[in-house]
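This report refers to the structure that appears directly beneath it.
Below, all heavy atoms of this structure are taken into account, side chains as well, without hydrogens, waters or symmetry copies. None of these values were measured; they are calculated from a predicted model. Letters A, B, ... are given to chains in the order of the sequence lines, protein chains preceding strands, and every chain is numbered from 1.
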Amino acid sequence: MKPSIPKGTRDFTPDQVVKRNYIFDTIRSVFVKYGYQPIETPTMENLSTLTGKYGEEGDRLLFKVLNNGDFLAKADEKALTEKNSNKLIASISKRGLRYDLTVPFARFVVMHQNEISFPFKRYQIQPVWRADRPQKGRYQEFYQCDVDVVGSNSLMYEAELVQIYDEAFAQLKVDCVIKVNNRKVLFGLAEAAGIADQFMDMTIAIDKLDKIGEDGVRNEMLKKEIPDAAITQILEMLKCDALAPLKNYFANSPTGLKGIEELETFHQYFDLYEAKNEVKFDITLARGLNYYTGCIFEVAAKNIKMGSIGGGGRYDDLTGVFGLKGVSGVGVSFGAARIFDVMNELDLYPKQLSATVDVLLIAFDQATHQYAFDCLNKIRAAGIKSDLYPEPAKMKKQMKYADSLKVPHVVIIGGDEMESGLLSFKHMESGEQEKLNLGEIIGRLRNT
RNA sequence: GUAGUUGUAGCUCAGUUGGUUAGAGCGCCUGAUUGUGGUUCAGGAGGUCGUGGGUUCAAAUCCCAUCUUCUACCCCA
């Protein structure tokens, strides 16, 4: 049969995994430094845990897992004869693949509430699945790196999470702009314009501003039957790039004023930190996921056309649906696949990143091969990544193998070398070669 | 889910109005070089033309279906 993989998924070669691990390790080290603890959750969740948490669109993008056994015998016959897929699902699928890491985390917090102490700071690096149409930078399977803290309303954490973004991307050398807004400010816009009940429609339209422009947003809102006067007022308010002038608009919107106050508090903390990337208030930042209630964040890479490489925000009551009220959470997510793509295109990886060994040993006959194996053990005992060509083959073949693996050094062991104990140590890039004993070779390799 | 697009050697791609045995570059293998890779030269291997049907004397080429790629919506990391 012809091998293939499902659409929107991909294999990772050793080279790519090394790069991806570099990203994970970098991000993880920042998480750990800021005091976050690792957790993992199952690949599959109960479908009931997932449905309804991501809006109608999200439900459509959920991967459902078909029940085992004779699932058709237990299927909803009415839905089956009606060919009503949505209705049928409940009776033939009780599990689904995780869509993000936030909802499973909320479930985790509720289930383990008596074992964890609040505020609980966790990070989680695992793949998620979405049945979306694949495009550039959009896959059906991709890793997310989430950091969240639940059980505290302190805006210190908003500042901390933006710091984490800044520090992680600075370490990865990805230039980016971190956009900050507050859902309450957006609500203030709707309230000030007298269309509080159409808040969601307004938000979705505003979110597209940089894509479809002011006129596009106006049309979008007109379609949703938002009054012309309100639209004009909203578009006017959207021109604000600072907090102070907004206060006048929000005179009659307590929620809007609260949003401003939260952003001001955020800045009181955050401004004590010297950011390496651009961090800016962007009133047009909306974000789709509707569980956000306070500050929201999004990260966009500079110098490249790519969707957002991270996003997050505060959600006041995510655990509420699982029966735990009044626990506030705030968190951000790193989109590993997109960061990976950005770093590939901009070639931002450190040069020494390599999947292979520091030295390859080669030998020419059975006696030298066994001698070389003994040398290999000693080199490995010294903690140096090393390997021996598996058989005494032609030198050309072995050298070519070393070259294709980009091994920086080769140790050549023939009869002369074995007798004298002075091995030929070759530096592949320069082509230079010298005779050294094993101890000296290990010393050289340690210093590189 | 809607609309379009792509698929030919390991990779990047040619392939005429349908017409002999489907090509190139790179890569790979062998040798020139019995102990020296990345350069050079000579030779060689490698293809169900995404898959399944159909039209035709004849299909990589035309038609239909399907899978996949990429793109715009939608949404999003």
Measure from [atom1] on [X] to [atom2] on [N] and round the result to the nearest Å.
X: A/Arg138; N: B/U69; atom1: CZ; atom2: P; answer: 14 Å
X: A/Tyr389; N: B/G35; atom1: OH; atom2: P; answer: 14 Å
X: A/Met428; N: B/U39; atom1: CE; atom2: P; answer: 12 Å
X: A/Arg60; N: B/C73; atom1: CZ; atom2: C1'; answer: 11 Å
X: A/Lys211; N: B/C75; atom1: NZ; atom2: C1'; answer: 9 Å
X: A/His427; N: B/G38; atom1: NE2; atom2: C1'; answer: 14 Å
X: A/Gln144; N: B/C76; atom1: CD; atom2: C1'; answer: 10 Å
X: A/Asp403; N: B/C29; atom1: CG; atom2: P; answer: 12 Å

Just to be sure I understand the rule, does [X] reach a base, reach only the sugar-phosphate, or reach nothing, if contact means heavy atoms closer than 4.0 Å?
X: A/Gly431; result: base
X: A/Gly415; result: base
X: A/Phe334; result: nothing
X: A/Gly312; result: nothing
X: A/Glu432; result: nothing

- Message: Quick check: on RNA chain B, is the nucleotide nearest A/Ile309 upstream (toward 5') of the one nearest A/Ile413, or the reverse? Name the residue that is more 5'.
- Response: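 The residue whose closest nucleotide sits nearer the 5' end is A/Ile413.
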
- Message: Heavy-atom nearest nucleotide on RNA chain B for A/Arg338 versus A/Lys397: which residue maps closer to 5'?
- Response: A/Lys397

If you check every side-chain atom of [X], which of [options] has the closest atom?
X: A/Gln433; options: B/G37, B/U36, B/C74; result: B/U36
X: A/Arg130; options: B/C75, B/C76, B/G37; result: B/C76
X: A/Ser308; options: B/A77, B/G37, B/U36; result: B/A77
X: A/Lys394; options: B/G37, B/G31, B/U36; result: B/G31
X: A/Ile412; options: B/A77, B/C75, B/U36; result: B/U36
X: A/Ser424; options: B/G1, B/C29, B/G35; result: B/G35
X: A/Leu61; options: B/C75, B/U36, B/U68; result: B/C75
X: A/Lys136; options: B/C70, B/C76, B/C75; result: B/C70
X: A/Arg133; options: B/U2, B/G37, B/C70; result: B/U2
X: A/Ala337; options: B/G35, B/A77, B/U69; result: B/A77

Expressed in whole Å, how much space separates the [atom1] atoms belonging to [N] and [M]?
N: B/C28; M: B/G10; atom1: C1'; answer: 8 Å
N: B/A22; M: B/C13; atom1: P; answer: 23 Å
N: B/A45; M: B/A9; atom1: C1'; answer: 11 Å
N: B/C29; M: B/G23; atom1: P; answer: 24 Å
N: B/C64; M: B/G18; atom1: P; answer: 16 Å
N: B/U12; M: B/U71; atom1: P; answer: 16 Å
N: B/G50; M: B/A59; atom1: P; answer: 15 Å
N: B/C70; M: B/G7; atom1: C1'; answer: 11 Å

- In the strands shown, is B/U17 matched to any nucleotide by a Watson-Crick or G-U wobble pair with both distances under 3.5 Å, and which?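 Because no pair has both required distances under 3.5 Å, B/U17 counts as unpaired.
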
- Item | B/C62 - base-pair partner by Watson-Crick or wobble geometry, distances under 3.5 Å | B/G54

Look at the aromatic rings of [X] and [Y] and report parallel, tilted or perpendicular, splitting at 30° and 60°.
X: A/Phe270; Y: A/Tyr273; result: tilted
X: A/Tyr99; Y: A/Tyr54; result: tilted
X: A/Phe108; Y: A/His112; result: tilted

- Please determine which of A/Phe24, A/Phe142, A/Phe31 meets the ring pair (Phe, Tyr, Trp, His ring centres under 6.0 Å) test together with A/Phe334. A/Phe31

- Message: With a cut-off of less than 4.0 Å, is there a side-chain N or O of A/Lys208 near OP1 or OP2 of B/C74?
- Response: yes

- Query: So, is A/Lys406 close to the B/G38 phosphate, meaning a side-chain N or O under 4.0 Å from OP1 or OP2?
  - Reply: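 No, no such contact exists.
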
- Message: When you measure only distances, ignoring hydrogens and angles, does the side chain of A/Glu56 come within 3.5 Å of the base of B/G1 through a donor and an acceptor?
- Response: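 When only heavy-atom distances are counted, A/Glu56 does not reach the base of B/G1 through any donor-acceptor pair under 3.5 Å.
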
- Query: If you round to the nearest 0.5 Å, how far is CG of A/Leu376 from CD of A/Gln370?
  - Reply: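 Those atoms lie 13.0 Å apart.
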
- Message: Within a 6.0 Å radius of atom CD on A/Glu440, are there more than 12 heavy atoms belonging to other residues, nucleotides or ligands?
- Response: yes

- Task: Output yes when A/Glu141 and A/Arg130 qualify as a salt bridge under the 4.0 Å nitrogen-oxygen rule, no when they do not.
- Result: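 Not counted as a salt bridge, because no side-chain N and carboxylate O are separated by less than 4.0 Å.
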
- Query: Does A/Phe142 lie flat on the base of B/A77, that is, centres under 5.5 Å apart and planes under 30° off?
  - Reply: yes

- Task: Might you point out which heavy atoms bring A/Thr41 and A/Arg98 nearest each other, and give the distance in Å?
- Result: O-NH2, 2.9 Å

